[in-house]
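Note sheet for the following structure.
Keep in mind that what you see is a predicted model, and the values were worked out from it rather than measured. Hydrogens, waters and symmetry mates are skipped; everything else that's a heavy atom, side chains included, is used.
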Amino acid sequence: MDTQQFTVQGMTCGHCEGAVRQAIRRLDAQAEVQIERSSGRVSVRSACSRPALAAALSEAGYPELDPNASAADAV
């Protein structure tokens with residue numbers, strides 16, 4: 001299992017964190033998910049591919065930010 005790091009937009013509350021966890025666990029029930037809401041960071045330990053995890057996050061309404069974008073672009 002690999003650990004993937006994502007920075008997503010739109011997580012503002014505990015409900016958002018729950019939605020992110022649920023989206024990942026629908027894809028992989030055994031996934032380990034750690035969330036840092038203030039920075040939008042999501043760490044996922046899973047056997048699923050990065051593109052599959054990113055798609056699950058995006059479909060749940062939490063798209064991954066472009067790692068090359070500046071913080072000002074995310075606002």
Side-chain angles (χ1 to χ4, degrees):
M1 280 210 260
D2 292 330
T3 300
Q4 303 290 335
Q5 303 291 328
F6 300 90
T7 302
V8 300
Q9 61 185 31
M11 278 194 308
T12 59
C13 65
H15 176 10
C16 296
E17 288 182 23
V20 166
R21 278 192 178 85
Q22 184 177 16
I24 296 298
R25 290 200 175 129
R26 255 190 244 125
L27 189 64
D28 177 0
Q30 303 303 315
E32 295 175 23
V33 183
Q34 295 182 346
I35 297 172
E36 187 179 309
R37 186 187 330 153
S38 63
S39 64
R41 290 197 179 110
V42 179
S43 176
V44 181
R45 187 166 188 252
S46 172
C48 292
S49 70
R50 180 177 185 81
L53 294 167
L57 290 169
S58 184
E59 288 171 14
Y62 302 94
E64 182 177 19
L65 293 175
D66 179 350
N68 298 318
S70 70
D73 294 337
V75 178

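- Following chains of ILVMFWY side-chain contacts shorter than 4.5 Å, one can reach V44 starting from L27, so the two form part of one hydrophobic cluster.
- With salt bridges taken as basic N to acidic carboxylate O contacts below 4.0 Å, one links E64 and R50.
- Put simply, CZ on F6 and CG on L53 are 4.5 Å apart, with the number rounded to the nearest 0.5 Å.
- The cluster map of Ile, Leu, Val, Met, Phe, Trp and Tyr, joined by side-chain heavy atoms under 4.5 Å apart, puts V33 and Y62 in the same cluster.
- Closest approach of D28 to C48, counting heavy atoms only: CB-SG, 3.7 Å.
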Could you give the side-chain donor-acceptor pairs of residues 14-24 under 3.5 Å, partners two or more places apart or in another chain?
unit_1: E17; atom_1: OE2; unit_2: R37; atom_2: NE; d: 2.7
unit_1: E17; atom_1: OE2; unit_2: R37; atom_2: NH2; d: 3.1

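- Note: R25 CZ to Q30 CD = 9.0 Å, rounded to the nearest 0.5 Å.
- Here the CD atom belonging to Q34 is positioned 13.0 Å from the CZ atom belonging to R41, to the nearest 0.5 angstrom.
- Side-chain contact between T3 and S43: present, with at least one pair of heavy atoms (C-beta onward) separated by less than 4.5 Å.
- Here the side chains of Q9 and P63 are in contact, with some heavy-atom distance below 4.5 Å.
- Between M11 and E36, the closest heavy-atom pair is CE-O, 4.4 Å.
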